[in-house]
Amino acid sequence: MIKTRSLILGLTAPLLLTAACSAQSAATDSGTTMTVSPAGKGLSKVLFLGDSIAVGEALPLAAAFKAGGVGFRSNASEGGGNVVGPFSDKNWKKLPGQITAAKPAVVIYQLTTYDWGSAQEQRAAYGKLLATVTKAGAELVFVTAPPIKADDFYKPHLADLRRAPGVARAVASASAGKARFLDAGAVWGGTYQQVKDGKADRSADGIHTCPQGAARFTGWLLRELAKLFPGFSPADPKSWANTGWSGDKHFKGC
């Protein structure tokens with residue numbers, strides 16, 4: 001059964017801008033598969049997939065891509081969004097059509113907290129996602145999820161969640177450049193950290209992000225995509241970091 005969780009709100013606008021700018025300038029090369037697309041190929045449209053963590057991150061991402069003139073659509077899902085694990089069979093009934101309808105140049109799949117299963121099951125699911133994305137004429141980028149503070153709901157599945165990034169990296173490495181792998185450890189570190197620089201960065205529920213964390217993730221991801229797609233130039237954080245998305249109900253309680 002999917003567990004319903006509530007999310008939490010709020011940081012000041014100046015702090016969001018600072019967080020975004022810091023993420024843009026941070027060194028982030030560690031753990032990144034850096035096969036580069038042909039020079040001059042930018043991003044026309046990005047489709048973002050993931051669970052409820054990605055739902056929150058999609059808010060600043062939408063503002064940032066809009067500011068940069070790039071189309072963006074999120075199909076991240078509360079209580080799911082996974083391609084392997086519980087209820088992934090239901091997701092697969094609609095996912096291929098969603099990818100085709102979005103007409104993306106790049107599909108970003110942030111590994112979810114529900115990517116449970118054996119190594120074989122994870123590998124098969126990530127390979128199926130790659131084949132689906134490739135068939136739609138897009139490129140796939142795997143992104144790791146932030147570390148969580150596991151409760152009794154997640155503890156039985158921690159081994160699966162720890163294994164998933166390595167499996168996704170292996171699928172990307174064997175894809176002949178059709179998929180990439182980005183390790184977001186540069187943003188989140190190796191363990192759950194609720195407060196960063198004296199402000200809420202992650203939700204007290206141990207899972208989700210607060211606006212500051214979502215802004216830092218957005219700045220980092222834009223920087224990494226600019227490395228992968230040389231025709232893409234990220235918008236200045238001043239154009240998206242303080243545009244009202246941080247007040248969304250998704251962050252209520254942060």
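On a predicted model such as this, the values are computed, not experimentally measured, just so you know.
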Chemist: Hey, does L49 have a side-chain heavy atom less than 4.5 Å from the side chain of L95?
Modeler: yes
Chemist: Is there a donor-acceptor pair under 3.5 Å between the side chain of Q122 and the backbone N or O of D160?
Modeler: yes
Chemist: Taking all atoms of both residues into account, what is the closest heavy-atom pair of Y114 and L161, and its distance?
Modeler: N-CD2, 4.5 Å
Chemist: What verdict does the side chain to side chain contact (heavy atoms under 4.5 Å, CB included) test give for F48 and V143, after you've listed the backbone C-alpha separation in whole Å, the side-chain angles of each residue and the deciding distance to 0.1 Å?
Modeler: CA-CA 10 Å; F48 190 46; V143 179; 5.9 Å; no
Chemist: Show the nearest heavy-atom pair for residues L222 and A64, with the distance to one decimal.
Modeler: CD1-CB, 3.7 Å
Chemist: Could you report the tightest heavy-atom contact between K196 and Q212, atom names first, then the distance?
Modeler: O-NE2, 3.1 Å
Chemist: With a 6.0 Å cut-off (strictly less than), is the heavy-atom count around NZ of K45, excluding the residue itself, greater than 12?
Modeler: yes
Chemist: Indicate the ring-plane relationship of H250 and H208, choosing parallel, tilted or perpendicular according to the 30° and 60° boundaries.
Modeler: perpendicular
Chemist: Between V133 and Y109, is there a side-chain heavy-atom distance shorter than 4.5 Å?
Modeler: no
Chemist: Between D201 and Q193, is there a side-chain heavy-atom distance shorter than 4.5 Å?
Modeler: no
Chemist: For L158 and R162, run side chain to side chain contact (heavy atoms under 4.5 Å, CB included): C-alpha distance rounded to whole Å, both residues' side-chain angles, the deciding distance at 0.1 Å, then the answer.
Modeler: CA-CA 6 Å; L158 285 178; R162 284 192 290 263; 3.7 Å; yes
Chemist: Take the angle between the ring planes of F72 and F65 and call it parallel below 30°, perpendicular above 60°, tilted in between.
Modeler: parallel
Chemist: If you take all heavy atoms of I207 and I53, which pair is closest and at what distance?
Modeler: O-CD1, 3.5 Å
Chemist: Run the side-chain hydrogen bond (donor to acceptor under 3.5 Å, both in side chains) check on T112 and D115 step by step: do they pass?
Modeler: CA-CA 5 Å; T112 82; D115 279 21; 2.6 Å; yes
Chemist: Considering all heavy atoms of both residues, which atom of A119 and which atom of V167 are nearest to each other, and what is their separation?
Modeler: O-CG1, 4.2 Å
Chemist: Let's go through W188 and R216 carefully: what are the C-alpha distance in whole Å and the side-chain angles of both, what is the deciding distance for side chain to side chain contact (heavy atoms under 4.5 Å, CB included) to 0.1 Å, and is it a yes or a no?
Modeler: CA-CA 9 Å; W188 309 114; R216 293 194 311 105; 4.0 Å; yes
Chemist: For a 4.5 angstrom cut-off between non-hydrogen side-chain atoms, does R202 reach P147?
Modeler: yes
Chemist: Quick one: closest heavy-atom pair of N82 and S88, and the distance?
Modeler: O-CB, 3.6 Å
